[in-house]
Protein chains: 2
Amino acid sequence: MDGPGRVRMADVARAAGVSVPTVSKVVGGRDGVAPATLARVQAAIDELGYQASLGAQGLRGRRSNAVGVLLAEFTSFTNELLMGVSDALGETGYELLAYSGGANGGAVGWERRSLSRIGGTLVDAAILVTPTVVSTDTQIPVVVVDPHFGPTDIPTVEGDNVAGAVAATEHLLGLGHRRIAHLAGREDLESSRRREQGFRTAMAGAGLAVDPASVRVGGYRRETSTAPALELLDRPDRPTAVFAANDESAVAVLEVAHRLGLRVPEDLSVVGFDNLPESALADPPLTTVAQPLREMGSAALTMVVDLLRGEEPPTRRLTLPTRLVHRSSTAPPARTAH
Amino acid sequence: MDGPGRVRMADVARAAGVSVPTVSKVVGGRDGVAPATLARVQAAIDELGYQASLGAQGLRGRRSNAVGVLLAEFTSFTNELLMGVSDALGETGYELLAYSGGANGGAVGWERRSLSRIGGTLVDAAILVTPTVVSTDTQIPVVVVDPHFGPTDIPTVEGDNVAGAVAATEHLLGLGHRRIAHLAGREDLESSRRREQGFRTAMAGAGLAVDPASVRVGGYRRETSTAPALELLDRPDRPTAVFAANDESAVAVLEVAHRLGLRVPEDLSVVGFDNLPESALADPPLTTVAQPLREMGSAALTMVVDLLRGEEPPTRRLTLPTRLVHRSSTAPPARTAH
DNA sequence: CTGTTAGCGCTTTCAA
DNA sequence: TTGAAAGCGCTAACAG
């Protein structure tokens with residue numbers, strides 16, 4: 001475990017017969033180095049396989065050449081985003097550091113903690129995924145993706161939640177459903193509010209009143225959605241369709257329906273939101289509103305790189321279109337024996 | 001952009017009326033601090049929302065409390081793994097840093113470069129995903145997942161490639177296929193060799209010879225698989241089934257089949273390997289060999305944490321079972337008009 | 001063009 | 001129990 005040790009800049013300097021700062025110049029691509037020296041240093045770097053320590057580099061220098069993606073935890077949702085960020089990274093020359101604070105990632109304030117922990121020294125800029133709060137006065141450029149709060153002056157990338165929810169609801173209306181329930185997300189989350197708003201708008205557009213009993217809060221999570229889903233469905237006048245605020249809660253609806261002996265889509269139609277990979281694997285495959293997660297990731301990286309270059313991005317508030325994906329969890333309502 | 005600046009340890013020290021080293025002790029949970037002082041410092045930390053810089057901490061101290069996952073790039077494959085690592089992170093108290101060197105991630109030697117760049121100072125241990133090479137003499141504990149090389153003494157986690165390939169091939173044989181082709185990965189990759197070996201073993205077990213013309217190298221990637229897939233299929237005596245070395249190349253087979261007017265599974269059966277989320281989204285949904293990627297990620301984290309604690313993990317070579325997932329890309333061969 | 005000096009934010013002796 | 005001094009690996013001034 002002791003080995004020859006990591007190769008440090010001093011090792012390269014010694015091998016090339018120059019001083020450490022000279023090596024630093026070569027590594028940093030700065031000029032002021034004689035061609036001959038440069039060649040010698042470069043040879044030593046190659047031979048020793050030297051690679052600057054990101055930690056030390058970021059600590060002393062003004063830049064680390066890395067962009068951080070800060071997450072509460074790694075999920076399918078964040079993974080799609082990450083792939084998008086990775087895609088856009090291509091020619092920028094930046095490295096990617098995805099950071100999750102671990103167990104305390106779930107705790108409130110993880111955004112600020114993570115930002116303090118790796119911002120400034122380790123990464124030159126950060127992309128915050130689904131943050132709940134974020135302070136405006138950060139040292140480094142920050143872009144937030146799918147924020148859980150309303151408009152601020154922080155550059156933002158998000159899916160069109162209202163339009164998506166309208167599309168989902170109108171899809172159900174178009175199939176002939178009238179008793180449509182909504183399993184909402186969380187009242188304190190902006191995306192959730194928007195989706196509910198879209199639902200209500202579409203219902204109102206169809207001249208339908210929304211019975212308070214047909215809206216429940218599922219909290220965006222599978223575990224917390226089971227009970228409210230049951231409340232929605234375990235009634236004589238149960239809805240013929242449910243629009244769930246995201247795929248996770250839609251899956252909970254599917255489970256509850258199954259438990260109640262309801263067939264989907266024959267007895268109950270279900271629409272989700274997000275189009276996570278697992279929504280296609282659900283039984284039956286879920287009709288859902290796709291957020292362009294990958295594009296959102298790419299867009300966030302592009303914005304943050306603009307900011308890094310001192311350029312103002314084209315928009316500080318980018319809303320990408322959502323799109324209904326038809327699968328097998330929706331159908332016209334069964335004729336009731338009224 | 002200038003703001004109040006990041007909160008440093010010195011700020012906390014000033015606020016609490018103590019010296020920097022004392023704050024360091026409190027932050028590090030070391031003892032030798034009077035209860036009253038401790039309380040005062042802790043209060044200052046909370047009030048200022050202080051969070052130690054991972055960079056500085058790792059640079060000076062012996063540990064950073066973070067585990068790194070080093071990747072060539074972010075893909076569905078790595079994402080599944082990452083979720084598994086994230087799952088197992090739970091109570092360990094470690095933080096997770098996923099690092100991809102960006103554009104040069106594809107270049108050979110990314111493993112060593114990444115390890116130099118963030119190993120030692122930023123992370124206490126590393127999990128290398130699908131590395132091609134790796135030096136044995138690392139400074140920090142390293143576990144490799146799904147390595148592209150043969151047995152070494154480095155702790156390893158991988159799926160059972162041979163058994164998976166045998167299962168895939170026997171599935172096709174069981175359906176009645178006799179002319180089965182194999183779209184291999186890359187000859188220099190261990191997992192690829194194992195899958196081909198499993199294919200040949202199963203064929204031999206059925207008393208079938210493998211025609212050299214029915215094995216082509218696809219290179220594990222969609223783009224590089226199209227041409228060889230075409231060679232395999234665009235022949236009068238084309239195979240009735242193809243076992244592709246991974247899902248990406250299986251999708252390429254699907255595309256080529258479609259282009260040739262072959263229906264899957266009526267005219268051609270296709271089996272993949274990996275069970276990436278997109279395999280279920282393929283048209284038709286792909287029958288494939290599932291690698292327990294999530295479990296592999298969790299296992300890797302557990303091993304690396306064992307190593308970190310100075311304990312020898314139960315095994316240095318963990319092989320997790322693979323499993324055939326039946327979907328819609330396989331069926332008995334059509335009766336030929338021979 | 002090159003090397004010396006200083007110091008990023010933190011932890012580690014070690015003396016007070 | 002506390003703090004002063006030193007230094008992790010690197011970059012930014014400046015001097016030579």
Side-chain angles (χ1 to χ4, degrees), chain A residues 5-42 44-45 48 50-66 115-124 139-140, chain B residues 5-42 44-45 48 50-66 115-124 139-140:
Chain A
R6 265 190 80 264
V7 180
R8 285 149 307 178
M9 199 171 261
D11 300 318
V12 175
R14 201 171 311 118
V18 295
S19 72
V20 166
T22 300
V23 178
S24 175
K25 279 180 196 155
V26 173
V27 170
R30 274 160 284 147
D31 43 38
V33 182
T37 316
L38 184 113
R40 210 144 29 88
V41 172
Q42 192 57 58
I45 289 175
L48 296 175
Y50 172 74
Q51 202 63 23
S53 152
L54 189 63
Q57 211 168 8
L59 185 57
R60 186 59 178 96
R62 205 157 283 281
R63 51 196 315 244
S64 64
N65 212 43
L115 213 44
S116 310
R117 194 142 171 76
I118 78 167
T121 84
L122 283 187
V123 296
D124 298 338
Q139 293 300 98
I140 57 173
Chain B
R6 263 191 82 265
V7 180
R8 284 148 309 176
M9 199 172 261
D11 300 320
V12 176
R14 200 171 311 118
V18 295
S19 73
V20 165
T22 301
V23 178
S24 175
K25 282 181 194 152
V26 173
V27 169
R30 274 159 287 149
D31 43 37
V33 182
T37 316
L38 184 113
R40 210 143 32 89
V41 172
Q42 192 58 58
I45 289 175
L48 296 175
Y50 171 74
Q51 202 64 20
S53 152
L54 190 63
Q57 211 167 9
L59 187 57
R60 187 59 178 92
R62 205 159 282 281
R63 51 197 316 247
S64 64
N65 211 43
L115 212 43
S116 310
R117 194 143 170 75
I118 78 167
T121 82
L122 282 188
V123 296
D124 297 338
Q139 293 300 97
I140 57 173

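Letters go in sequence order (proteins before strands), and every chain restarts at 1. FYI, side chains are in, hydrogens and waters are out, and symmetry mates aren't considered; it's all heavy atoms of this structure.
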K.L.:
B:L54 has an atom CG; how far is it from atom P of D:dG9, in whole Å?
P.N.:
16 Å
K.L.:
Of all the nucleotides listed (C:dT2, D:dG3, D:dG9), which has the minimum atom distance to the side chain of A:V33?
P.N.:
C:dT2
K.L.:
Could one point to a donor on the side chain of B:R60 or the base of C:dG9 with an acceptor on the other under 3.5 Å away?
P.N.:
no
K.L.:
Are A:R117 and B:Q57 close enough that a side-chain donor and a side-chain acceptor fall under 3.5 Å?
P.N.:
yes
K.L.:
Below the 4.0 Å mark, does C:dC10 have OP1 or OP2 next to a side-chain nitrogen or oxygen of B:Y50?
P.N.:
yes
K.L.:
Return the minimal non-hydrogen interatomic distance between B:D124 and B:N65, and the atom names on each side.
P.N.:
OD2-N, 2.7 Å
K.L.:
Using whole Å, what does the distance between atom C1' of nucleotide C:dG9 and atom CZ of B:R6 come to?
P.N.:
8 Å
K.L.:
Quick check on C:dT2: is either OP1 or OP2 less than 4.0 Å from any side-chain nitrogen or oxygen of A:S19?
P.N.:
no
K.L.:
From the options C:dT2, D:dT1, D:dG9, select the nucleotide whose nearest atom is closest to the side chain of A:A56.
P.N.:
D:dG9
K.L.:
Rounded to whole angstroms, how far apart are CG on A:N65 and P on D:dC10?
P.N.:
15 Å
K.L.:
Counting only side-chain nitrogens and oxygens, does B:T37 get under 4.0 Å of the OP1 or OP2 atom of D:dT2?
P.N.:
yes
K.L.:
Which pair of non-hydrogen atoms, one from B:L122 and one from B:S64, has the smallest distance, and what is that distance?
P.N.:
O-OG, 2.6 Å
K.L.:
Please list, pair by pair, any protein nitrogen or oxygen found under 3.5 Å from a nitrogen or oxygen in nucleotides 13-16 of chain D.
P.N.:
none

K.L.:
Provide the closest heavy-atom pair for B:V7 versus B:L48 in the form atom of the first, atom of the second, distance.
P.N.:
CG2-O, 3.6 Å
K.L.:
Output yes when at least one side-chain N/O atom of B:S53 is less than 4.0 Å from OP1 or OP2 of C:dC10, else no.
P.N.:
no
K.L.:
Assign each of B:G17 and A:A52 to its nearest nucleotide of DNA chain D by heavy atoms, then name whichever residue's nucleotide is nearer the 5' end.
P.N.:
B:G17
K.L.:
It should be established whether B:R30 places a side-chain nitrogen or oxygen under 4.0 Å from OP1 or OP2 of nucleotide C:dT12.
P.N.:
yes
K.L.:
Mind calculating the distance between CG (B:L59) and C1' (D:dC10) to the nearest angstrom?
P.N.:
8 Å
K.L.:
Is A:G32 touching bases, backbone alone, or none of the nucleic acid, heavy atoms closer than 4.0 Å?
P.N.:
base
K.L.:
When you measure from the side-chain N and O atoms of A:Q57 to the phosphate of D:dG9, is any distance below 4.0 Å, counting only OP1 and OP2?
P.N.:
no
K.L.:
Quickly work out the B:R63 CZ to C:dT11 P distance and round it to whole Å.
P.N.:
11 Å
K.L.:
Does A:R6 reach the main-chain N or O of B:T121 with its side chain, forming a donor-acceptor pair under 3.5 Å?
P.N.:
no
K.L.:
Under 4.5 Å between any side-chain heavy atoms of A:V18 and A:T37, yes or no?
P.N.:
yes
K.L.:
Using a cut-off of strictly less than 4.0 Å, decide whether B:T121 has a side-chain nitrogen or oxygen near OP1 or OP2 of D:dC8.
P.N.:
no
K.L.:
Do the side chains of A:T22 and A:S19 get nearer than 4.5 Å, heavy atoms only?
P.N.:
yes
K.L.:
Donor-acceptor check, side chain of B:R30 to backbone of B:S24, threshold 3.5 angstrom: yes or no?
P.N.:
yes
K.L.:
Could you give the CZ-to-P distance, from B:R40 to D:dT2, as a whole number of Å?
P.N.:
8 Å
K.L.:
Let me know the distance between CD1 of A:I118 and P of C:dG9, rounded to the nearest Å.
P.N.:
17 Å
K.L.:
Base, sugar-phosphate, or nothing for A:V20, non-hydrogen atoms under 4.0 angstrom?
P.N.:
base
K.L.:
Separation of B:M9 atom CE from D:dG3 atom C1', in whole Å?
P.N.:
14 Å
